[in-house]
Colleague: 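One structure follows; several queries about it will come next.
Quantities reported herein were computed from a predicted structural model and do not represent experimental measurements.
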Amino acid sequence: MEDPERSMALDLVRVTETAALSSARWLGKGDRKAGDKAAVDAMRLSFNTINIAGKVIIGEGEKDEAPMLYNGELVGTGSGPKVDVAVDPVEGTNLLALGRPNAISVVGIAPAGSMYDPGPSYYMQKLVVPAEAKNVVDLDAPVVDNLKNIAHALSKDVNDLVVFVLDKPRHQALIEDIRRAGARIQLHTDGDVAGSLMAVDPKNAVDVMMGTGGTPEGVLSACAIKATGGEMFARIDPQSKGERNAVISAGIDLKQVLTVDTLINSDDVYFAATGISGGTFLNGVVFTGHGAITHSLVMRGKTGTVRYMESHLCFDKLMQISSVKYD
């Protein structure tokens, strides 16, 4: 038996909640950079209140031409545990700008040195499954074989399965293979952190996520998958000659199959997400006139605890003590 430890779950939820509230003002206004900047600025201020000595491993970067919570930046008060930090103030900036579902704000932390640093890699091939199917799939197996094995592990028929796939030209052959196998598909334009979470959430209709998405998003997702007992199999998958050359120059093995334990080498991990635009995964921010209602989840890997939270905020009181301006 261990003595109870202080959980940082609520601290992290406040970080994602603040980012979601600030960026939600830009819902559907067509300006993804402004929405992202609002989230970044709010998230930075929130991190200043947390007693951690954090270093950003997965942050805002040049691929999105976004304002920076840059890789290598130090966050937190500087006291408390040393941790690696992964952030995406707005996962789905295009979704936010266009007013589409499933834009979320996400943060993950793990002990210092335990988080995979993707270096110059932007993209990775991913296969995400719930705990029941983690031992029956192979990243290199034919799509039909993986789907049959997943269906058997979940006590379903293949035609009952729902597969999350990003709607990108690179996935044309994958989509055709899934359809030939008989499974159903949810096509999403963006948001593969949300897709990974849907695949391991027993309350969600999605059973598996397949395809190539962001490498930083893969590391962020691993923070959450760790807590659920699910699995991600992944491989770095450059989408341009320049990216491929940069990855090889960085000494990254393009043949290595990465897992959740490779990406986050510790069970002492936290993950938090707050909905921005709403959707099938988390409800979005609702402004009430005097405040707002937010919907979040927080996970702790060490205990396997997953909490869903609905928060009712009063701006008049909150802004008396907060440096973030919500209206």
Colleague: How close do Ala110 and Ile264 get, counting heavy atoms only, and between which atoms?
Modeller: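 Shortest heavy-atom contact: CB-CG2, 4.0 Å.
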Colleague: So do the side chains of Val208 and Asn146 get within less than 4.5 Å of each other, counting heavy atoms only?
Modeller: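 They are not in side-chain contact.
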Colleague: Does Asp192 offer a backbone N or O that forms a donor-acceptor pair with the side chain of Glu91 under 3.5 Å?
Modeller: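 It does hold such a pair.
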Colleague: Step by step, would you call Thr18 with Met43 a side-chain contact (heavy atoms from CB on, under 4.5 Å)?
Modeller: CA-CA 6 Å; Thr18 300; Met43 185 172 277; over 6 Å; no
Colleague: Which heavy-atom pair separates Val200 from Pro202 by the least distance, and what is that distance?
Modeller: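 The answer is O-CD, 3.4 Å.
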Colleague: Do Ile57 and Val247 share a hydrophobic cluster, counting only Ile, Leu, Val, Met, Phe, Trp and Tyr and linking them when any side-chain heavy atoms are less than 4.5 Å apart?
Modeller: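 In one cluster: yes.
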Colleague: Do Thr228 and Met299 have side chains that approach each other closer than 4.5 Å (heavy atoms only, starting at C-beta)?
Modeller: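 Yes, at least one pair of side-chain atoms sits under 4.5 Å.
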Colleague: Does the pair Lys255/Asp253 count as a salt bridge with the N-to-O cut at 4.0 Å?
Modeller: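 Here Lys255 does not pair with Asp253 in a salt bridge, since their nearest N and O are not under 4.0 Å apart.
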Colleague: Go through the steps for Ile109 and Leu12 under the test side-chain contact (heavy atoms from CB on, under 4.5 Å), then give the verdict.
Modeller: CA-CA 9 Å; Ile109 64 172; Leu12 286 191; 3.9 Å; yes
Colleague: Determine, step by step, whether Thr77 and Asn51 satisfy the side-chain hydrogen bond (donor to acceptor under 3.5 Å, both in side chains) criterion, reporting the C-alpha distance in whole Å, the side-chain angles of both residues, the deciding distance to 0.1 Å, and the verdict.
Modeller: CA-CA 5 Å; Thr77 63; Asn51 288 324; 3.0 Å; yes
Colleague: When you measure from the centre of the six-membered ring of Tyr270, is the NZ or CZ of Lys302 under 6.0 Å away and within 45° of the axis?
Modeller: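 Cation-pi check for Lys302 and Tyr270: fails.
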Colleague: For residues Val106 and Phe271, determine if any side-chain heavy atom of one lies less than 4.5 Å from a side-chain heavy atom of the other.
Modeller: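 When only atoms from C-beta onward are counted, Phe271 and Val106 do touch, with a gap below 4.5 Å.
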Colleague: How many angstroms lie between CG in Asn204 and CZ in Phe281, if you round to the nearest 0.5 Å?
Modeller: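 Asn204 atom CG to Phe281 atom CZ measures 8.0 Å (nearest 0.5 Å).
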Colleague: Please determine whether residues Leu69 and Val83 belong to a single hydrophobic cluster, defined as Ile, Leu, Val, Met, Phe, Trp and Tyr linked transitively by side-chain heavy-atom distances below 4.5 Å.
Modeller: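 They do share one cluster, since a chain of ILVMFWY contacts under 4.5 Å joins Leu69 to Val83.
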Colleague: Are Thr294 and Glu310 side-chain neighbours, meaning at least one heavy-atom pair lies under 4.5 Å?
Modeller: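 No, their side chains stay 4.5 Å or more apart.
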Colleague: Taking C-beta and beyond as the side chain, do Val56 and Tyr70 meet within less than 4.5 Å on heavy atoms?
Modeller: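 No; the side chains remain at least 4.5 Å from each other.
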Colleague: Which heavy atom of Gly279 sits nearest a heavy atom of Asn102, and at what distance?
Modeller: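 So the two residues come closest at CA-OD1, 3.5 Å.
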Colleague: What distance separates Asp190 CG from Glu217 CD, expressed to the nearest 0.5 Å?
Modeller: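 Reported value, rounded in 0.5 Å steps: 10.0 Å.
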Colleague: If only atom types and distance count, is the side chain of Asp177 paired as donor or acceptor with the main-chain N or O of Val143 below 3.5 Å?
Modeller: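 Absent.
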Colleague: What distance separates Ile104 CD1 from Leu282 CG, expressed to the nearest 0.5 Å?
Modeller: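 Reported value, rounded in 0.5 Å steps: 6.5 Å.
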Colleague: Salt-bridged, Arg170 to Asp237, with N to O below 4.0 Å?
Modeller: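 Looking at Arg170 and Asp237, the cut-off is not met.
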Colleague: Distance from Asp88 atom CG to Ile58 atom CD1, nearest 0.5 Å?
Modeller: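 The CG atom of Asp88 sits 10.0 Å away from the CD1 atom of Ile58.
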Colleague: Has Asn159 got a side-chain atom pairing as donor or acceptor with Gly182's backbone, closer than 3.5 angstrom?
Modeller: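 No: the side chain of Asn159 does not pair with the backbone of Gly182.
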Colleague: Within the distance-only criterion (no hydrogens, no angle test), does the side chain of Asp167 pair as donor or acceptor with the backbone N or O of Leu187 below 3.5 angstrom?
Modeller: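 Between the backbone of Leu187 and the side chain of Asp167 there is no qualifying donor-acceptor contact (under 3.5 Å).
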Colleague: Taking all non-hydrogen atoms of both residues, which atom of Ile276 and which atom of Ser105 are closest, and how far apart?
Modeller: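 Nearest pair, atom of Ile276 first, then Ser105: CD1-N, 3.8 Å.
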Colleague: Test your reading of the model: is there a side-chain donor-acceptor pair from Lys55 to the backbone of Ala112, 3.5 Å cut-off?
Modeller: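 Checked: no pair found.
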Colleague: Show your reasoning for whether side-chain contact (heavy atoms from CB on, under 4.5 Å) applies to Val165 and Gln186.
Modeller: CA-CA 6 Å; Val165 181; Gln186 279 192 16; over 6 Å; no
Colleague: Distance from Thr262 atom OG1 to Met232 atom CE, nearest 0.5 Å?
Modeller: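 CE of Met232 is found 11.0 Å from OG1 of Thr262.
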Colleague: In Å, rounded to the nearest 0.5 Å, how long is the span from CD of Gln172 to CD1 of Ile175?
Modeller: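 It is 7.5 Å, given to the nearest 0.5 Å.
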Colleague: May I ask you to check whether Ser311 and Glu17 show a side-chain donor-acceptor distance below 3.5 Å?
Modeller: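 There is such a pair between these side chains.
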Colleague: Okay, side chain of His171, backbone of Thr212: is any donor-acceptor separation there less than 3.5 Å?
Modeller: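 Yes, the answer is positive, given that a donor and an acceptor are paired below the 3.5 Å cut-off.
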Colleague: Answer yes if Ile225 and Leu154 sit in the same cluster of Ile, Leu, Val, Met, Phe, Trp and Tyr residues linked by side chain heavy atoms under 4.5 Å apart, and no otherwise.
Modeller: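 The answer is no; the residues belong to distinct hydrophobic clusters.
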Colleague: Go through the steps to decide whether Phe315 and His290 satisfy the test side-chain contact (heavy atoms from CB on, under 4.5 Å), and finish with yes or no.
Modeller: CA-CA 6 Å; Phe315 287 163; His290 301 287; over 6 Å; no
Colleague: Decide, yes or no, whether a salt bridge links Asp145 with Lys148 under the criterion of side-chain N to carboxylate O below 4.0 Å.
Modeller: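 No, this pair does not count.
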Colleague: May I ask you to check if Arg25 and Phe287 form a cation-pi contact, with NZ or CZ under 6.0 angstrom from the six-membered ring centre and within 45° of the axis?
Modeller: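 Yes - Arg25 lies over the ring of Phe287, closer than 6.0 Å to its centre and within 45° of its axis.
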Colleague: Taking the side chain as C-beta and beyond, is there a heavy-atom pair between Leu95 and Thr189 under 4.5 Å?
Modeller: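 They are in contact (side-chain heavy atoms under 4.5 Å apart), so the answer is yes.
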Colleague: Does the side chain of Leu297 come within less than 4.5 Å of Met309's, by heavy atoms?
Modeller: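 Met309 vs Leu297: side chains apart.
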Colleague: Side-chain heavy atoms under 4.5 angstrom apart, residues restricted to Ile, Leu, Val, Met, Phe, Trp, Tyr: same cluster for Val306 and Val298?
Modeller: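 As far as the 4.5 Å side-chain criterion goes, Val298 and Val306 are not connected within one cluster.
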Colleague: For the pair Asp267 (side chain) and Gly301 (backbone), establish whether a donor and an acceptor sit closer than 3.5 Å, ignoring hydrogens and angles.
Modeller: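 Not at all, since once roles are kept as given, no pair shorter than 3.5 Å links the two residues.
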Colleague: So that I can tick it off, tell me whether Arg32 and Asp36 are bridged by a salt bridge, with the cut-off set at under 4.0 angstrom between side-chain N and carboxylate O.
Modeller: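 Looking at Arg32 together with Asp36, the answer is no, because their closest N to O distance does not fall below 4.0 Å.
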Colleague: Taking the side chain as every heavy atom from C-beta outward, state whether Trp26 and Val90 have any atom pair closer than 4.5 Å.
Modeller: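 No, side chains not in contact.
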Colleague: Okay, side chain of Asp41, backbone of Ala38: is any donor-acceptor separation there less than 3.5 Å?
Modeller: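 Not confirmed, Asp41 side chain does not pair with Ala38 backbone.
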Colleague: Is it the case that atom NZ in Lys82 sees more than 12 heavy atoms from other parts of the structure closer than 6.0 Å?
Modeller: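 12 or below, so no.
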Colleague: Mind listing the closest non-hydrogen atom pair of Thr274 and Ser296 along with its distance?
Modeller: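 Scanning both residues, the minimum pair turns out to be OG1-OG, 2.7 Å.
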Colleague: So, the side chain of Asn48 versus the backbone of Val75: is there a donor-acceptor pair under 3.5 Å, distance only?
Modeller: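 Checked: no pair found.
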Colleague: Using 4.0 Å as the upper bound for N to carboxylate O, is an ion pair formed by Asp140 and Arg235?
Modeller: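 Result for this pair is yes, salt bridge flagged.
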Colleague: Is it true that His188 and Phe164 have ring centroids separated by less than 6.0 Å?
Modeller: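 So the answer is yes for these two rings.
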Colleague: Decide whether Val193 and Leu263 are clustered together by the hydrophobic rule: side chain heavy atoms of Ile, Leu, Val, Met, Phe, Trp, Tyr closer than 4.5 Å, transitively.
Modeller: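 Val193 and Leu263: one cluster.
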Colleague: Is it the case that the side chain of Thr49 and the backbone of Ser46 share a donor-acceptor pair, with hydrogens and angles ignored and the cut-off at 3.5 Å?
Modeller: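 Looks like yes, one N/O pair under 3.5 Å.
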Colleague: Side chains of Thr215 and Ser121 only: does a donor on one sit below 3.5 Å from an acceptor on the other?
Modeller: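 On atom types as modelled, these side chains qualify, holding a pair under 3.5 Å.
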Colleague: Of the non-hydrogen atoms in Val163 and Ala183, which two are nearest, and what is the gap between them?
Modeller: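 Looking at all heavy atoms of both residues, the shortest contact is CG2-CB, 4.1 Å.
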